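Worth saying up front: this structure is predicted, and the values here are computed from it rather than measured. Just so we're on the same page: letters track the sequence lines, and every chain starts at 1.
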Amino acid sequence: MDERRHRGNGDDWFDPPTDEAVAPAAPAPRSRQAATAAGRRLVPAGSVLVAGLVGLGLALLLNAAGIQRTAKAMPFGAQRTVAVAAIAPVAALSRLLFLDRPSRAALALLGRDRPPEETGSGLRDLGRPSPASAGLRTPTAARPLRVWVGGDSMAQNTGAQVVQYAQESGVMRATLDYHISTGLSRPDFYDWPRRLAYVARVLQPDAAVAFFGANDAQAVDFNGRVLDSGSPAWDALYGQRVGQAMDTLLRGGATRVYWVGLPIMGSTAFSRAVAVLDTIYRREAAARPGVVFVDTWSMFATPRGAYSAYLRDAHGDLQLMRQSDGVHMTLAGASRLGWTIVAKIRRDYRVGGTVPAQ
Amino acid sequence: MLFPTITFAIFFVAVFIASWLLMPRRRTWKVFIVLAGCVFYGWWDYRAVALLAVVALANFLFARAIDRARGAAARKAALVIALVFDLGLLAAFKYFDFFVVSAANVFHVVGLQVSPPLVTLALPVGISFLIFRIISSVVDVYRGSLEPASLLDVAVYVAFFPYLLAGPIARASEFLPQLRRPRDPRRIDASRAFFLIFAGLFKKMLIADYVATHLVTGVFTTPGRYSSLETLLGIYGYAVQIYCDFSAYSDMAIGLSLLLGFELPDNFNAPYTARDVRDFWRRWHMTLSSWIRDYLYIPFGGNRKGVRRTYVNLMAAMLLAGLWHGAAWTFVFWGGLHGAGLCYDHWRGGRRRARGEPALRDGFWAVARQRFLTFQFVAFAWVFFPTRSDFASPFAVLARLFTAWGSVGANVTLTVVAVIALGIAIQYVPARATGLAQVRFSRLSPLLQGVGLALGFFVLNVVGPQGPAAFLYFRF
């Protein structure tokens, strides 16, 4: 796909015939000479600009609806306001010229026109739901515990480890349902209430593990009013959404919902915001008998309570637990948390056997 | 700022217009392009711009000091100070915690528990590329193959945004002369640039991100959930993903530079068509491999000090190349595997040449076998790449190849197999075919070119994933 052109001395890589002196790298052949030799027409900057603007402009009109959705999903603030205002007339023009039709038709053809929250794409088949049971039934290989694990990007690595440890038990079936950059603050970006209703209706898991919050400390829109993160009104609204999410999963048949709290973060400011979210999760979980709050804060802090990307593992070795963003887990961190969650599930549902080593 | 975003498209159109308008005023243009680089690099975190400023200023002074030093010892001392400074920056951001923690774990093995001081600095994106680029400039000044540049030229070289985040590692000796030559606004190689940009978008959005989402990430994070066949496909899938992801960035960087009138060195040349490991390194990340050759392998002694020393030099160069990719022993191990592969090729080629035969056997089937085996070696060596921090995970992936042949697995779909095959097949597209397409495209009117571009964007938007994923090589 690319034009094959080596540096001047590419053929002698690590095996130079003589390397007594290091010659400077040969200057790359000039593009214009190469282009002329290849027969390509070189064009003035104005023509490039016309081609580029026509291309981008037409692409903007053809994809205006999608771009408008993306603009609206941006965090509240000046950037979003400008983006939404800028794309609105483009989207209107696109509809006026019927240029929104090709995109709609193509998406329908590819089956991508349904709301993503209403599709089972990527979900593992958990088998048929068990008859409702009053308490926490002990799963067996014939009637395994069906576990749904979901959330935002925090659930990606950790959820994968939960699924793996659950599967290793031999009496659990688990599926992972994470959606990057989403959260409970912005249903206009990804409608988690709708997704959870779908999960409750279609999958009807016996147990659920939810791990949200990495993107939730942001302003929310409530009846046209923007509520700033951390304000009392925001706290009440976010708490209500968390509670509704828990209720939806419980009503869907989950006998336990494990709500995973957020760990201490690399940034002090973000840690403060996350501590507020954890308080809300803890409060809403305490108000519902079927919900367990999994406290991860101290699990990923040093003995002095500070953040560290490296923490000691079960053998006493220092392991890199957090990614360089100071937010997400490495595999070692995810393994520690996933193991803790599955150990709780095993204990609650009286799953026999040895708890797998971390 | 990510390339495949609307924000970047707006940024680039503005830079393109201003850049060509300001081009006649060279000094103003340089100031402008430095500022554009700062906006681009500081988009996520404005503090990162300070790193660019420090690197540019310090290395401008080092190069001058080397150039003005009297006597070989003084020149060498100035060079050593420059290298200590540049590598020290890299070590502080990227390697300090890794080495300290590794030492603490060694102490733990012998029964001593120490709590080392950790700095845990946020890793600036693309710092390894930045440091290798700037080292090439001071070393070339030391070697006398490059004149020291003005502070403004060094700043342009450091902050030129197309290659800032993930290369190619354009050397100062390749880039700075282009600053001194006039760039003609009437003769832009736009068709090649547009093709490269689209090739990059296509590889990134339709191949790399697809295989990552639908198979690869799962196989490498939870190998226990996947069948042996899925695991095998996941390993090939990762090989395709890393190629399509990294070469996509390079293609786009080269294409964008062309639109601004600059030529960057090519970085990839169909690496999975390589016939042995040496051939692979002539085709994969070519700007890094030639950097390693010229600034590590040859200064180590290259092949001038006997056969054994050649092998030692090859291994040392590749172990360091592994470490360059990331602060983890898995990367060092990966470098060691490639070092061993190079040593083997060197040994085998030497024996064949001693018998009067070519280093590699020719003929259709021989070449096909060599390509197949080299791809297997490269793909399986990549297993140590994505997990980064520990050895348990890659070995769990490899073990899974032998322990779960009971079922095919739900993730082995026709689309996944086709996309992986496509990722390999595109490397066999003859250069003449793409060249011909570029010629034809270049002869269209700007209006028709624009319509073609719009249709390309439309297809990417409809078929591609929602929202761009970060490029893999940003981590390095």
Side-chain angles (χ1 to χ4, degrees), chain A residues 1-7 10-11 13-16 19 22 24-25 27-28 30-32 35 38-45 47-52 54-56 58-59 62-63 66-67 103 106-107 110 157 160-161 163-164 167-168 181 308-310 316-320 324 330-332, chain B residues 9 20 101 104-105 108 118 120 123 140 145 171 173-174 185-192 199 221-222 224-225 251 258-259 263 265-266 269 278 281-282 289-290 293-294 297-298 302 304 314 342 387 389-390 393 426 429 431 434-435 438-439 442-443 446-447 449-450 453-454 457-458 461-462:
Chain A
M1 300 203 68
D2 44 13
E3 193 159 290
R4 317 288 184 234
R5 185 174 51 70
H6 292 275
R7 275 170 192 275
D11 279 340
W13 202 83
F14 278 165
D15 193 16
D19 52 17
V22 180
R30 299 290 294 142
S31 167
R32 276 171 264 170
R40 290 193 297 274
R41 196 160 63 94
L42 302 178
V43 293
S47 296
V48 179
L49 189 63
V50 169
V54 167
L56 288 172
L58 195 52
L62 286 167
N63 301 311
I67 295 168
S103 168
L107 289 171
L110 294 168
N157 274 357
Q161 296 303 313
V163 170
Q164 175 137 335
Q167 182 168 301
E168 282 171 6
S181 303
S308 175
Y310 288 89
D317 287 331
L318 284 166
Q319 283 268 15
L320 185 63
S324 56
T330 61
L331 274 185
Chain B
W20 284 111
V101 165
N105 285 342
H108 181 249
L118 301 175
T120 318
L123 186 67
D140 285 354
S145 58
R171 295 190 200 170
S173 55
E174 292 166 320
R186 291 159 305 172
R187 292 171 63 79
I188 299 175
D189 194 358
S191 65
R192 179 166 183 246
T221 50
T222 53
R225 293 172 59 206
D251 286 350
L258 275 177
L259 292 179
E263 172 90 348
D266 281 349
N269 182 13
R278 275 194 301 191
W281 280 102
R282 287 185 201 116
S289 62
S290 63
R293 179 196 63 200
D294 292 347
Y297 174 68
I298 292 176
R304 285 167 289 157
L314 281 172
L342 286 171
T387 51
S389 55
D390 70 304
S393 304
I426 54 174
V429 174
T434 51
Q438 287 173 15
V439 170
S442 78
R443 298 191 181 281
L447 211 63
Q449 285 186 345
L453 294 176
F457 284 128
F458 173 73
N461 190 57
V462 169

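- Of all heavy-atom pairs spanning B:Ser442 and A:Arg41, the tightest one is OG-N, 2.9 Å.
- Residues B:Ala454 and A:Ala59 come closest through the heavy atom pair CB-N, 3.8 Å.
- Residues A:Leu331 and B:Thr221 form a side-chain contact, since some pair of their non-hydrogen atoms from C-beta on lies under 4.5 Å apart.
- Nearest heavy-atom pair across B:Ala104 and A:Leu318 is CB-CD1, 3.9 Å.
- We find the CG-CG distance between B:Asn105 and A:Asp317 to be 4.5 Å, quoted to the nearest 0.5 Å.
- Nearest approach of B:Ile188 to A:Pro44, heavy atoms of both residues: CD1-C, 4.4 Å.
- With B:Pro446 as the fixed residue, the side-chain contact (heavy atoms from CB on, under 4.5 Å) test singles out one of A:Val50, A:Val43, A:Leu49: A:Val50.
- Between B:Ala9 and A:Leu56, the shortest heavy-atom distance links the atoms CB-CD2, 4.3 Å.
- To the nearest 0.5 Å, atoms CG (A:Leu58) and CZ (B:Phe458) are separated by 10.0 Å.
- B:Leu453 approaches A:Ala51 most closely through the heavy-atom pair CD1-O, 3.7 Å.
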